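Here the structure comes first, spelled out in structure tokens, and everything after it is commentary.
On a predicted model such as this, the values are computed, not experimentally measured, just so you know. Below, read A as the first sequence line, B as the second, and so on, with proteins coming before strands; counting in each chain starts at 1.
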Amino acid sequence: MQAFAFSTVPLEPERHREALAEPSAGGYASFEGWVRDLNEGRAVHRLEYEAFETLAVKEGERIVAEAIQRFGVARAACVHRVGGLGIGELAVWVGVSAVHRGEAFAACRYIIDEVKHRVPIWKKEHYADGDSGWVNCERCAAAAHDPHEGHDHASEEASPVAVTGTATPMDYSRQTALPEVGESGQARLAAASVLVIGAGGLGVPVLQYLTAAGIGRIGVVDGDLVEVSNLHRQPLYGAADLGRPKVAVAAERLRALNPEVQIEAHALHAGPDNVDALVSRYDLVVECTDNFRAKFLVNDAVLRAGKPAVFASVHQYEGQLQVYRPLPHWPCLRCLWPEVPRDGLVGNCAEAGVLGPVPATLGSLQAMQALKRILGLDAGESPSLVMVDLLNLETRRLVARRDPACDHETPGRDRDPGALPLELAFKTLVEAFESGLELVDIRESWERAHDPPGLQIPTHLPLSELVHGHAQFPADGRYLIICAHGVRSLSLTEYLRSQGQSEVYSLRGGLAALRS
Amino acid sequence: MNSIDIQYFAVLRERAGIGRETVQTSAATAGELYDELAARHDFGLPRAMLRVAINDEFADWSRPLAAGDRVVFIPPVAGG
């Protein structure tokens, strides 16, 4: 059977189900969407579905193929009705067979959610009062993945999309009207792929503008969950998203914004073990993290891969922007900062404070630089560090040059911190205690007061005191260094190792990892 | 003595409590100037962590200063 099909006659789940049988399959899960009798308080007595079939079948097949690949299931299929349907009739059927039930349920859920989001199907409702109308249902796409936030209308489960904005192809006319862009520029954007590392204050506007502009494929890398302290500067997320992986929420919102863009969510932190593989799959990298360690890691990876990158950072009311291009004379991050700054020396957003529009401004500049690179509009641009001061509304462009002493040819060489792992992962604080290492909490006093660890960690050495020399890290002993998310602890661990202290480790993912 | 326009960014601005100032100095190089100002404002950041730009171009710390130069001290920032 076809992976995705439309049917003008009533669906027969029993028959569809047979086509999924396979000797290796130990389970089968299915979903049926039925026509409901109520839409936003109006009684509905029948419905008509209409689809743009050529496009819809292609998109539907793609969704089923994605589900098979992503969840490793045996077989999957989806059939959707078109034409007139009465209350209680079966509007859509999804079936999945798999070795184990877990993948079958997950793939089934994925297919119906994605079909609702992405497949162009319209729905005409006939109301009990004799009135009728094509449902204009913009909120469907936003609500489709979250039943709690759902709005009530007839056969919500059965109506895959019916979203005006989703069903209509994107209209890029306001950007193709620019003589430098045009249709050929739009084609370049559609053919391009961009990796956005960090989905925080900088990453949010980058992702929104690149998705809206119609970049063909966008990867988003972030291992964090949405926290309530993020919302003031990361308005892609909402109060209902707290505790969910940022990349999952971002992918939903971005797909709803522009279904033509392929969004790839990577729920992990960029690290030495994955950064090269990630970078290799995209044309351009936009670096939006909040720590030096990640910035230099990405710098080295783009140098090795010979790919362009756009870096930005913010501090309170200021920001810095730097583009790297793989050209012989072009400076990299290390040309400007030969000595890698230690995280914690100059504050991050948590310590120093920040107003939302500051990362939003710098992120928008990053999106602009990325579009310019892809469109070839940056020909006249020379290497520079752009500094933006939003308190005084000043920008300053400093001419930067390649440092002949910087090892562009072998980036990352001799920076191997040693054979011992820098990070250790534990499931609970008790496990960490039992490891025999002495635990050291390097969070600031206010963080410790605000969020005490479940068990007592008696040794407290705030990082700010260490970096300013008001406290000394003990030279002897075996230590596990702990902070909130494992970024500052890793940076301190690297520093201590570079000073010859071998038995220090960082708690991977920090206290947050123990709790989640 | 040269008259030099100085601008501070990020953590240096916080420490100095001002964004810019004009100083009369006998410092011969950008490095000497930084040391002089670091003592006055208690910056606590070693030069190696910073960059200096003179007249909108990154410069070496050994670069001689001339009257009227515009000097910017830049710490790296990482927030995002």
Checklist entry - Atom CZ in B:Arg13, atom CD in A:Gln316: separation rounded to 0.5 Å? => result 8.0 Å

Checklist entry - Are the side chain of A:Gln320 and the backbone N or O of B:Ala78 linked by a donor-acceptor pair below 3.5 Å? => result no

Checklist entry - Looking at A:Lys295, A:Glu287, A:Arg397, A:Met387, which has the largest count of heavy-atom pairs under 4.5 Å with chain B? => result A:Met387

Next on the checklist: Strictly below 4.0 Å, N to O, side chains only: are B:Asp56 and A:Arg396 in salt-bridge contact?
Outcome noted: yes

Item to check | Part of B:Ile74 lying under 4.5 Å from any heavy atom of chain A | outcome: both

Next on the checklist: Between the side chains of A:Glu394 and B:Arg20, is the shortest nitrogen-to-carboxylate-oxygen separation below 4.0 Å, so that they form an ion pair?
Outcome noted: yes

Checklist entry - Residues in salt bridge (Lys or Arg N to Asp or Glu O under 4.0 Å) with B:Glu14, at least two apart? => result none

Checklist entry - A:Glu318 side chain to B:Ala10 main-chain N or O, any donor-acceptor pair under 3.5 Å? => result yes

Checklist entry - Picking from A:Val358, A:Asn291, A:Leu336, which has the most non-hydrogen pairs under 4.5 angstrom with chain B? => result A:Leu336

Checklist outcome for this item: Value for CZ (B:Phe58) from CZ (A:Arg401), rounded to nearest 0.5 Å, stands at 11.0 Å

Next on the checklist: Nearest 0.5 angstrom please: B:Asp60 CG to A:Asp403 CG, how far?
Outcome noted: 8.5 Å

Next on the checklist: For B:Ala53, which atoms come within 4.5 Å of any heavy atom of chain A: side chain, backbone, both, or neither?
Outcome noted: side chain

Checklist outcome for this item: Taking every heavy atom of B:Val11 against every heavy atom of A:His315, the minimum-distance pair comes out as N-NE2, 3.9 Å

Next on the checklist: Sort by residue number and list every residue of residues 196-207 of chain A having at least one heavy atom under 4.5 Å from chain B.
Outcome noted: A:Gly200, A:Gly201, A:Leu202

Checklist outcome for this item: OG of A:Ser384 to CD of B:Glu57, rounded to nearest 0.5 Å, is 11.5 Å

